[in-house]
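Residue numbers count from 1 along this sequence. In this text, all values refer to a predicted model and were calculated from it rather than measured experimentally.
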Amino acid sequence: MKLSRPARISLRAVALGYLTVLLLVPIGVILYRSFEHGIVAFVESISTPAAISALNLSLLIVAIVVPVNVVFGIVVALALARGRFRGRGLLQAVVDLPFAVSPIVVGVALIMLWGVNGWFGGIESTGVKVIFGLPGMVLATIFVTLPFVVREVEPVLHEIGEEQEQAAATLGAGRWQTFRRITLPTIRWGLTYGVVLTVARALGEFGAVIMVSSEFPGVSQTLTLLVHARYIDDHNAFGAYCAATLLMGIAVVVLLLMTLLDRKRSTTS
C-alpha cells in the first residue's frame, strides 16, 4: 500500500510522539534527576557499599545464570530441532512458559517449593538457604531467562538442516566431535544473541527476584532491588535515580552489543 506524503509524515509524527512520551521523556527525567547535583554526587551515590554490593550481586547472578542457560538451551534446542519424540509439543510449551507466567507467580511457586514449609524445604536443615538467599534468586532468574537461548538457537538448527552433521558422521566423526566442529560454529551467532538477551533480562529482573530475596543491603539486594529500596523504603529519590541510571547504562551497553551482533549476523548469513 502506497501512502501519500502527508500520510507518511503524520504516521512518523505519531510514532515519534508516542516514543517521546513513553520512552524519551521518562529517560530524560531520570538522567536529569541523577545529574542535577553534579557528576560527583552521582558517582558518590553509585559508589556506596550497598550500591557496589548490589552491582556485584547482579553480575554474579548473571555469571551463574548464563552458563546454565547456554548448556540447557543448546541441549533443548537440539532436542526440539533434531528429535522426534512423544511430548515434544509439551516441551515446546514449557520452554515458552516464562513468557506467559508473571514473574510474581514464579516467585510464589519457588517459595512453595523451596520455602521452610515447601516440598523441598527440608534442604534448609542441611544449611543451604534457598529462599531469601542467592540460590533462590538464581533459580528465579534462570526460570525467567530460560527461553532466550533456546528460541535463538532452534531456528538456526532448522535452517542449516542435518546434512553436514550426517556427512560428518559417515566420515567417522563422533557426536561430540560433530557438535564441536560442525554444529557449534554454525549456531554461534544465534547462541551469542541468545546470551546477550539472557544477560539483559537477568540484569533487569525484579518481580521474581523480590519474592525470593530478603532485600538486605550487601546480602541479597540486586541493582533493581536497590532502586526499589532507595525509592520506597529509604525515600531517597536521588539515590534511586542514580542507581536506575547505572542499571540503564549497563542495559544500553548490552543493547548496543545486541545491535552490533545482529548486524554482524545479518552480514554473515
Side-chain angles (χ1 to χ4, degrees), residues 27 30-31 33-35 37-73 98 103 106-107 110-111 114 123-124 127-146 148-149 192 194-258:
I27 290 177
I30 292 174
L31 291 175
R33 293 296 300 271
S34 298
F35 294 101
H37 300 300
I39 296 179
V40 175
F42 169 78
V43 173
E44 290 177 349
S45 180
I46 63 173
S47 302
T48 63
I52 295 175
S53 175
L55 175 60
N56 291 336
L57 181 58
S58 295
L59 296 179
L60 175 61
I61 291 175
V62 170
I64 297 173
V65 167
V66 169
V68 172
N69 272 340
V70 165
V71 174
F72 173 83
V106 175
L110 288 175
I111 292 175
W114 297 98
I123 196 174
E124 292 203 5
V128 178
K129 191 174 183 63
V130 177
I131 302 301
F132 306 132
L134 177 62
M137 301 170 73
V138 169
L139 286 174
T141 308
I142 287 175
F143 184 89
V144 299
T145 58
L146 180 147
F148 294 110
V149 172
T192 306
V195 168
V196 173
L197 291 174
T198 301
V199 171
R201 185 71 173 87
L203 285 172
E205 177 52 34
F206 175 77
V209 170
I210 196 173
M211 294 297 296
V212 296
S213 168
S214 64
E215 287 195 82
F216 291 150
V219 178
S220 60
Q221 189 177 70
T222 61
L223 273 177
T224 53
L225 300 184
L226 177 65
V227 175
H228 175 266
R230 282 183 171 180
Y231 195 85
I232 302 297
D233 300 331
D234 302 337
H235 303 289
N236 179 10
F238 174 71
Y241 283 121
C242 291
T245 298
L246 175 61
L247 184 60
M248 183 169 58
I250 299 174
V252 168
V253 172
V254 174
L255 179 62
L256 290 175
L257 178 61
M258 185 173 63

> Stepwise, does the side chain to side chain contact (heavy atoms under 4.5 Å, CB included) test hold for R230 with H235?
Replying inline: CA-CA 6 Å; R230 282 183 171 180; H235 303 289; over 6 Å; no
> Pairs in or reaching into residues 241-255: which pass side chain to side chain donor-acceptor pair (under 3.5 Å), with residues at least two apart or in two chains?
Replying inline: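 Applying side chain to side chain donor-acceptor pair (under 3.5 Å) to every pair that reaches into residues 241-255, excluding sequence neighbours, yields S34-T245.
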>> Go through it in stages, so that I can follow the logic: the residues are T222 and S58, the test is side-chain hydrogen bond (donor to acceptor under 3.5 Å, both in side chains), and I'd like the CA-CA distance, side-chain angles, deciding distance and then a yes or no.
In response: CA-CA 5 Å; T222 61; S58 295; 4.5 Å; no
Would a 4.5 Å heavy-atom cut-off, applied to side chains only, mark [X] and [Y] as touching?
{"X": "L223", "Y": "L203", "value": "no"}
{"X": "F238", "Y": "H37", "value": "yes"}
{"X": "S214", "Y": "Q221", "value": "no"}
{"X": "V149", "Y": "F72", "value": "no"}
{"X": "V252", "Y": "L256", "value": "yes"}
{"X": "I27", "Y": "M248", "value": "yes"}
{"X": "V106", "Y": "P98", "value": "no"}

When rounded to the nearest 0.5 angstrom, what distance separates [atom1] in [X] from [atom2] in [Y]?
{"X": "I52", "Y": "L55", "atom1": "CD1", "atom2": "CG", "answer": "8.0 Å"}
{"X": "R201", "Y": "T145", "atom1": "CZ", "atom2": "OG1", "answer": "8.0 Å"}
{"X": "L225", "Y": "S220", "atom1": "CG", "atom2": "OG", "answer": "7.5 Å"}
{"X": "C242", "Y": "I30", "atom1": "SG", "atom2": "CD1", "answer": "11.0 Å"}

>> Under 3.5 Å, is there a donor on one side chain and an acceptor on the other for N69 and T198?
In response: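 No, T198 and N69 have no side-chain donor paired with an acceptor closer than 3.5 Å.
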>> Which heavy atom of P217 sits nearest to which heavy atom of A50, and what is that distance?
In response: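 Where P217 meets A50 most closely, the heavy atoms are CB-CB, 4.2 Å.
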> Looking only at heavy atoms, what is the nearest atom pair of I46 and A51, with distance?
Replying inline: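 So the minimum-distance heavy-atom pair works out to O-CB, 3.5 Å.
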Output a table of donor-acceptor pairs, distance under 3.5 Å, between side-chain atoms of residues 129-139 and any protein atom two or more places apart or on a different chain; print 'none' if there are none.
none

> Got more than 12 heavy atoms from elsewhere within 6.0 Å of CZ, F35?
Replying inline: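 Check passes, neighbour count above 12.
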